[in-house]
Amino acid sequence: MISKINELTEAINQADLSSEEKLEQFRLRYLARKGEIQSLFKQIGQLDENERAEAGRRMNQLKALAEEKFEQAKEELKSSSDQDISALEDISLPVEPTYAGSLHPLTRTQNEMKEIFLRLGFDVAHGPEVEDDFHNFTALNFPPDHPARDMQDTFFVRKSEKGHHDDLVLRTHTSPVQIRLMKETPPPIRSVIPGRVYRNEAVTAKSYFQFSQMEGLYVDRKVTMGELIETLVRFARLMYGSDVEYRVRPSFFPFTEPSIEMDIWWDSDRGGQWLEILGAGMVDPNVFEAVGLDPEVTTGFAFGMGVDRIAMLRYGIDDIRTLYENDIRLLNQFSD
Ligand code: PHE
């Protein structure tokens, strides 16, 4: 009898009561009227008188132990399920944030630029990113083997046996779309052309092998340099505010004559500096000839803006690589 009691004590101490189901099994097995403890109690009567007192005392202990374990486990199960319910019901708990997608700073900048030019009377056109040599260079007055081609380190997609003319390149600028537009549409033309361009350049904080430009082309009769500069200054004021500081410098491009560049003053934590945002100029007569327009009567201006630079200035980003790493901590700053 005593050894049976010891056995049961051991079993009760080790019972796993971690679920409602196990708790119920425990109750049926030990505590119910037909359970093991009650049936042991019934056997006490059959014991010798000298054993009875001891066995009774041990049996009462055993019963108390089983009841205590049962009550305790029941309490624990109840309070943990209470917690589950209250967690579900507590509508004041903070909600896990969900992040909606947002426009990339480059896309935003490009959109703002497009809006400005739409207001100034331009439409929006597009062209291919893989270009042939003719559109990317030759028609833009870069003669074959001319050192001006070195201004733009080029990724070649296909080198042709037949010579430069049939080479395929990743476009090094958006200017080839000028050629496409002039070949397709008779003047007047007033378009901006946003898009990606590629150059085989060393990656630094200021330059990347892929970036974005927005080309502008205005072709009509009697277009003047004054109109070009007026257009660029209006753009700068609408983009950066009327107190923007800018300067226009003479420059060189094979496809414009005369050529200029425009800088914007950037006041950053590390001190101020001029940042070049675009190249521009009056369309060179050789370009008009290449597309079959009469340079005696046709005039025009063109510009090519660096969208990345304009975005960096706009948002105070001082490393161009930031725009291509897609770090979520940067992108989240642009969700609205
Ligand atoms: N295509 C030139 C560049 O990428 C910029 C430019 C465009 C200059 C149009 C003049 C006119 O550097």
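These figures come from a predicted structure and were not determined experimentally. Numbering of ligands and ligand atoms starts at 1, following listing order. Basis for what follows: all heavy atoms, side chains included, without hydrogens, waters or symmetry-related copies.
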Heavy atom of Met282, distance to ligand 1 below 4.0 Å: no

By ring pair (Phe, Tyr, Trp, His ring centres under 6.0 Å) - contacts of Phe288 (at least two apart): none

Phe117 six-ring face occupied by Lys114 cation (under 6.0 Å, within 45°): no

Within-cut-off N or O pair, Thr256 and ligand 1, under 3.5 Å: no

Which segment of Ala280 sits under 4.0 Å of ligand 1 when only heavy atoms are counted: backbone

Under 3.5 Å side-chain donor-acceptor pair for Asn141 and Asn286: yes

Between Ser102 and Asn332: side-chain donor-acceptor atoms closer than 3.5 Å: no

Connected hydrophobic set around Trp274, excluding itself, where side chains approach under 4.5 Å: Trp265

Min N/O separation Gln213 to ligand 1 under 3.5 Å: yes

Closest to atom 6 (C) of ligand 1 (judged by heavy-atom distance), picking from Gly281, Gly279, Gly306: Gly279

Location of contacts on Arg199 toward ligand 1, heavy atoms closer than 4.0 Å: side chain

Any donor-acceptor N or O pair under 3.5 Å, side chains Thr138, Asp133: yes

Distance in Å, Leu106 CG paired with Ser212 OG, rounded so as to fall on 0.5 Å steps: 5.0 Å

Short N or O distance, Ser175 and ligand 1, threshold 3.5 Å exclusive: yes

Proximity flag Phe301 to ligand 1, non-hydrogen atoms under 4.0 Å: no

Atom indices of ligand 1 within 4.0 angstrom of Gln178 heavy atoms, with elements: 9 (C)

Under 3.5 Å side-chain donor-acceptor pair for Glu10 and Gln14: yes

Region of Phe303 that comes within reach of ligand 1 [heavy atoms, distance under 4.0 Å]: backbone

Test of proximity, Thr172 against ligand 1: N or O pairs below 3.5 Å: no

